[in-house]
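First comes the structure, then the notes that go with it.
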2 protein chains.
Amino acid sequence: MHTPVDNARAVLLCRYNGPMNAPRTARERARAELTAEILAAARRQLAEEGSAMLSLRSIARELGMASSAVYRYFASRDELLTALIVQSYTEIGEAAENADLPGAAPQERWLAVWRAVREWALANRHEYALIFGTPVPGYIAPHITIEVAGRMPLTLARIVADTRKDGNLTPATGPVCPPEAINPDMTLLLEGERFSADEVARLVFCWNRLVGIIGYELHGHLANVTADDSLFFDHTARTEGAYIGLPFR
Amino acid sequence: MHTPVDNARAVLLCRYNGPMNAPRTARERARAELTAEILAAARRQLAEEGSAMLSLRSIARELGMASSAVYRYFASRDELLTALIVQSYTEIGEAAENADLPGAAPQERWLAVWRAVREWALANRHEYALIFGTPVPGYIAPHITIEVAGRMPLTLARIVADTRKDGNLTPATGPVCPPEAINPDMTLLLEGERFSADEVARLVFCWNRLVGIIGYELHGHLANVTADDSLFFDHTARTEGAYIGLPFR
DNA sequence: CTTAACAGAGAGCGGTGCTCTCTATTATGA
DNA sequence: TCATAATAGAGAGCACCGCTCTCTGTTAAG
């Protein structure tokens with residue numbers, strides 16, 4: 001028996017983790033298609049109007065079906081939002097991963113990933129707000145979102161790990177994070193790569209800066225401060241790269 | 001003739017900029033009181049349930065009046081939110097200013113202000129989300145919000161300016177911001193104090209970090225990373241303080 | 001071929017922001 | 001003092017929203 005939850009999950013996994021066992025009956029095929037159509041309409045509404053303006057009823061109208069019928073596919077608005085969140089996390093993660101060129105110099109890799117994330121954010125500002133904005137009160141992020149949320153941060157961590165492996169990581173400057181502040185489990189972010197508490201803290205700062213400075217730009221907090229947002233963003237990337245020990249400058 | 005806008009503004013100014021010309025007629029007094037009561041009820045609902053759950057109708061119910069009557073005082077839900085935004089910006093600005101002790105050592109001042117902002121945020125998380133979270137699509141921040149939004153950032157800038165005036169500012173390390181990236185108007189943040197483009201950029205980074213790292217903590221992004229949030233926050237404050245040139249360590 | 005699962009439609013519930021009209025009250029100026 | 005104008009509140013109503021329930025027709029499975 002299919003529940004809406006299962007189906008949404010199936011569509012997502014199918015779209016992002018390769019095809020599952022293909023639907024065999026006509027009904028299953030129609031179900032998968034309609035689920036995808038609903039998700040596509042939702043994504044369009046999200047992109048154009050933002051998550052606050054996204055309603056199941058207008059999606060139903062757009063697809064020419066009764067609003068109650070949509071609930072056969074997504075059990076609630078929250079579940080539809082979850083699907084969009086997973087989709088967005090996956091896309092931004094892929095953007096980061098695809099921008100990374102493991103053979104290149106660490107500075108180039110770092111800058112390329114930062115720029116790719118910003119590009120995605122500028123092209124998908126409502127999606128960006130959905131995943132990095134204020135969480136809706138009462139909304140609990142399902143486990144599946146936590147899994148996909150890590151791809152972008154881990155791409156940055158990988159660059160640092162590779163640089164250190166090549167012996168090109170500059171010794172840390174500035175205050176060192178007290179080890180008690182960091183959860184020891186976090187020192188194993190990547191397989192076979194151990195990070196010190198201070199390195200974890202520095203990585204957190206980098207993620208925080210990347211997310212935060214893009215948020216500042218998107219929300220207009222930089223409007224009267226910067227004269228050239230791209231230039232300022234590159235400077236931000238370089239600053240954080242230097243901070244974590246990449247051979248910038 | 002009073003419009004709801006004028007009255008909301010009057011209440012705000014009265015509450016935060018000292019009493020205006022006192023209401024003279026009984027009607028004017030009743031109006032000012034009811035406006036304040038509505039605002040108080042709204043603040044309570046905001047604090048308890050978050051901005052998404054705030055509705056004019058439930059406020060009207062709570063105060064025992066018809067929902068349409070509330071519109072005599074606030075022309076729309078957005079306007080009520082604006083009043084709450086102004087209130088929150090003012091409170092966080094006052095928290096920052098009151099924590100600052102202009103006579104003390106710059107490191108102590110810096111840390112005290114950072115901690116005060118965090119304390120306010122932890123005690124008023126929905127208010128914090130309202131002013132630093134994702135802006136509502138379509139919502140245009142009125143000019144009055146922009147005025148009060150600057151108090152907290154300027155408190156930090158003042159510490160830096162004072163430190164430099166005393167000759168205790170450490171020379172900058174790390175990449176220098178290209179001047180073309182920064183709006184020249186921003187080099188005059190405080191009266192009589194000029195900042196270089198690089199200093200403005202560093203200040204922006206500090207504001208961005210303060211807002212961002214508290215957001216990370218409030219939204220649970222640090223949950224599995226940090227073991228001691230207060231300790232980690234202090235480390236954050238010190239790191240940014242050292243970055244901008246305060247004599248930390 | 002029977003039976004169970006499923007998909008869709010439609011009505012309905014309680015909620016929202018907001019508008020409009022109507023009435024009662026208050027303030028003001030001749 | 002009194003007519004007039006401004007104001008406050010109530011209530012009905014509009015168009016939405018998320019979500020549930022029931023009913024009907026269709027598809028798949030045993």
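Numbered from 1 within each chain, the chains take letters A, B, ... in sequence-line order.
- The base of C/dG17 sits with one of its N or O atoms less than 3.5 Å from a complementary donor or acceptor on the side chain of B/Arg57.
- The nearest whole Å value for the distance from the CG atom in A/Leu56 to the C1' atom in C/dG8 is 15 Å.
- Judged by a 6.0 Å distance limit and a 45° cone about the ring axis, B/Arg31 is positioned over the six-membered ring of B/Tyr73.
- Taking side-chain N and O atoms only, B/Ser55 has a distance below 4.0 Å to OP1 or OP2 of C/dT16.
- Rounded to an integer number of Å, the gap from CE of A/Met65 to P of C/dC6 is 16 Å.
- In this entry the distance linking CG of A/Leu63 with P of C/dA9 reads 11 Å, nearest Å.
- For B/Asp78 and C/dC18, the CG to P distance is 7 Å, given to the nearest whole Å.
- In this structure, A/Phe74 atom CZ and D/dC19 atom P are separated by 13 Å, rounded to whole Å.
- For the pair A/Tyr73 and C/dG8, the criterion of a side-chain N or O lying under 4.0 Å from OP1 or OP2 is met.
- Using a 3.5 Å distance cut-off with no hydrogens or angles, the side chains of B/Thr82 and B/Tyr139 do pair a donor with an acceptor.
- Judged by atom type and distance alone, B/Arg72 reaches the base of D/dG9 through a side-chain donor-acceptor pair under 3.5 Å.
- Judged by distance alone, with hydrogens and angles left aside, B/Ser68 brings a side-chain donor or acceptor within reach of the base of D/dG11, the pair sitting under 3.5 Å.
- A salt bridge is absent between A/Arg202 and A/Glu240; no separation between the charged side-chain nitrogens and carboxylate oxygens falls under 4.0 Å.
- Comparing B/Leu54 and B/Ala26 along DNA chain C, the residue whose closest nucleotide (by nearest heavy atom) sits nearer the 5' end is B/Leu54.
- Contact between the side-chain N/O atoms of B/Arg61 and the OP1/OP2 oxygens of C/dT16 is found at a separation under 4.0 Å.
- Evaluation of atom-type donor-acceptor distances gives a pair under 3.5 Å for the side chain of A/Arg27 against the base of D/dT26.
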